[in-house]
Structure formats: C-alpha cells, structure tokens
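Comments concern the structure below.
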Amino acid sequence: MSDQNLTPKTDSQVQVTASPLRSIIGAVISGAMAFGLYSLMISIATSFATKPVHSLNPLVIKITSAVRTLVVGVVALGSAIFGIVAIGLLALTLQLLIQQLTKPKISES
C-alpha cells in the first residue's frame, strides 16, 4: 500500500485563451438554459396554482405551501444564475472585441 499517486501527473497544462467566439457561444448556451429554466418555472407555478391542496389540516397546508415555494424558488434561482452568466459573457465578448480593435498593430518589417 505504498502507492501514493495512483493517477499519473501530466506536466503539460493547456492554457486556453478567451476569444469573442468562445464567449458568445457560451452566452448563447447559458441564455438558452436560462430561458428553458424560466419556462419550466412558469409551467411549475401554473401547475401548482391550478391544483389546490385538498386537506383541512393546517400543518399539511403549511408544509405544502413551503415545498411549493421552495421548488419554484430553486428553479427561479437557477434561471437567474444562468441569465446573469449570459449577460456576463456578453459583456466579456464586448470587452474582447474592443480590446482587439484598439490593440496597436505590430507590423513585421
């Protein structure tokens, strides 16, 4: 049992640089996820609103209300996170484009 490192270590680490194309693709994917989660949230909330709780027990009503609020809240949080990421990636795209346009050209002479 003297094997301390079971996985081999690689000496080469690839450094991926940010590009406008990569960030715009990420923004589109994140925006699509945000829209999908938003649509899911609306569907869940509508489903919960159309199906009332059939119980007279106050504890059941309170727990049901808490669970429904939690489910809608978690999906809304996911939608908001993906939306913020999409906006951030769009801002990164704009920043990278501005940097590329304002960078001085080095001519080879």
Side-chain angles (χ1 to χ4, degrees):
M1 295 274 175
S2 64
D3 291 334
Q4 304 241 341
N5 296 328
L6 297 178
T7 59
K9 291 185 178 180
T10 58
D11 292 334
S12 63
Q13 292 183 0
V14 178
Q15 182 71 21
V16 179
T17 59
S19 70
L21 180 63
R22 291 176 71 94
S23 60
I24 197 76
I25 289 172
V28 168
I29 292 171
S30 182
M33 296 274 294
F35 180 74
L37 283 172
Y38 177 76
S39 299
L40 179 67
M41 180 190 67
I42 296 299
S43 174
I44 290 171
T46 305
S47 175
F48 284 161
T50 58
K51 296 175 185 164
V53 181
H54 300 291
S55 177
L56 299 176
N57 189 346
L59 183 62
V60 171
I61 294 172
K62 288 180 183 181
I63 291 175
T64 304
S65 175
V67 168
R68 288 180 176 198
T69 303
L70 183 67
V71 169
V72 173
V74 167
V75 177
L77 180 65
S79 176
I81 287 173
F82 278 108
I84 291 169
V85 168
I87 291 170
L89 284 171
L90 286 176
L92 177 65
T93 301
L94 184 64
Q95 180 183 9
L96 291 174
L97 286 175
I98 290 172
Q99 284 178 355
Q100 285 182 356
L101 293 176
T102 59
K103 183 193 295 185
K105 303 280 191 239
I106 300 174
S107 61
E108 296 179 20
S109 330

For side chain to side chain contact (heavy atoms under 4.5 Å, CB included), just list the numbers for Leu94 and Leu90, CA-CA rounded to whole Å, side-chain angles, deciding distance to a tenth of an Å, and then say yes or no.
CA-CA 6 Å; Leu94 184 64; Leu90 286 176; over 6 Å; no
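Linking Ile, Leu, Val, Met, Phe, Trp and Tyr residues whenever their side-chain heavy atoms come within less than 4.5 Å leaves Leu96 and Val28 in two separate clusters.
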Using a 3.5 Å cut-off and no angle test, enumerate the donor-acceptor pairs between side-chain atoms of residues 34-48 and protein atoms at least two apart in sequence or in another chain.
| from | atom 1 | to | atom 2 | distance (Å) |
| --- | --- | --- | --- | --- |
| Ser39 | OG | Phe35 | O | 3.0 |
| Thr46 | OG1 | Ile42 | O | 2.7 |

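In this structure, Leu92 CG and Leu97 CG are separated by 9.5 Å, a value rounded to the nearest 0.5 Å. In this structure, CG on Leu70 lies 10.5 Å from CG on Leu77, to the nearest 0.5 angstrom.
Pairs engaging residues 78-97 under the side-chain hydrogen bond (donor to acceptor under 3.5 Å, both in side chains) rule: Ser23-Thr93 [sequence neighbours left out]. Among residues at least two apart or in separate chains, there is no side-chain hydrogen bond (donor to acceptor under 3.5 Å, both in side chains) pair with a member in residues 54-69.
Considering every non-hydrogen atom in both Ser30 and Ala86, the closest pair reads OG-N, 3.5 Å.
Counting only heavy atoms from C-beta outward, the side chains of Leu89 and Ile24 never approach each other to under 4.5 Å.
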